Amino acid sequence: MAIQRTFSIIKPDATKRNLTGQIAAKFEEAGLRIVASKRIQLTLAQAQAFYGVHAERPFFDELCEFMISEPIVVQVLEGEDAIAKNREVMGATNPADAAPGTIRKEFALSIGENSVHGSDAPETAAEEIAFFFSGLELVG
Ligand code: UDP
Ligand code: MG
């Protein structure tokens, strides 16, 4: 597997509880390098656009309201097999199902307020990175 880049969000429940550093440490311990990072607060329109794939799901409105409720930290992670590795470090969507040692097992509050987002495939990783970062912000 080659070196990949993936996109990550440290979500409002985690920034609010001052967990940014502890979550970043999980990425670094897993061999993922944080090659870009910024703290921002989404507008409702931006949250709806980012999660557009879930627009028809029953949790969509609640998810978007949650994602704009506090600042978030958006990051680009790089490493060997980064997309799958990040999903592994994140753990299952529902923290009740997440494996021990994963971010969601240790920090998530619920299936909605689950501390992190991570891209699920190379295509979505490229789209999500481009949604938040310009080429100028991405060093080689
Ligand atoms: N979500 C939710 N209820 C659900 C499923 C998902 O509130 O029943 C939220 C949760 O914050 C999740 C996000 O919607 O992280 C996106 O869902 P997805 O299925 O893509 O999960 P993920 O890829 O984040 O594990
Ligand atoms: Mg997803």
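Both counts, for ligands and for their atoms, begin at 1 and track the order of listing. Computed from a prediction, not measured in an experiment: that's the story for all the values here.
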* What residue and atom, counting heavy atoms only, is the protein's closest point to atom 5 (C) of ligand 1, and at what distance? -> F59 CE2, 3.4 Å
Between side-chain atoms of residues 83-96 and protein atoms elsewhere (two or more places apart, or another chain), which donor-acceptor pairs fall under 3.5 Å?
residue: R87; atom: NH1; partner: G118; partner atom: O; Å: 2.9
residue: N94; atom: OD1; partner: A96; partner atom: N; Å: 3.0

* Structure fact -> Closest to atom 24 (O) of ligand 1 among protein heavy atoms sits R104 NH2, 3.0 Å
* Can you tell me the protein heavy atom closest to atom 10 (C) of ligand 1 and the distance? -> I111 O, 3.2 Å
* Asked: Among all protein non-hydrogen atoms, which one is nearest to atom 19 (O) of ligand 1, and what is the separation to 0.1 Å?
  -> H54 CE1, 4.1 Å
* To do: Could you tell me which residues satisfy side-chain contact (heavy atoms from CB on, under 4.5 Å) with R17, sequence neighbours excluded, listed by chain and number?
  => D13, L19, L109, S115
* What protein heavy atom sits nearest atom 25 (O) of ligand 1, and how far away is it? -> T93 OG1, 2.5 Å
* Taking only heavy atoms of N114, which atoms of ligand 1 are found under 4.0 Å from at least one of them? -> 10 (C), 11 (O), 12 (C), 15 (O)
* To do: With heavy atoms only and a cut-off of under 4.0 Å, state how K11 meets ligand 1: side chain, backbone, both or neither.
  => side chain
* Shortest protein heavy-atom distance from atom 11 (O) of ligand 1, along with the residue and atom involved -> G112 O, 2.8 Å
* 4.5 Å side-chain heavy-atom contact, F50 and I9 -> yes
* Looking only at atom types and distance, does a side-chain atom of S8 sit under 3.5 Å from a main-chain N or O of Q75, one as donor and one as acceptor? -> no
* Taking K11 for its side chain and F66 for its backbone only, find out whether a donor-acceptor pair lies under 3.5 Å. => no
* Location of contacts on L63 toward ligand 1, heavy atoms closer than 4.0 Å -> side chain
* Of R87, M67, H117, E113, which has the heavy atom at the shortest distance from atom 23 (O) of ligand 1? -> R87
* Would F131 and F7 count as a close aromatic pair, with their ring centres under 6.0 Å? -> no
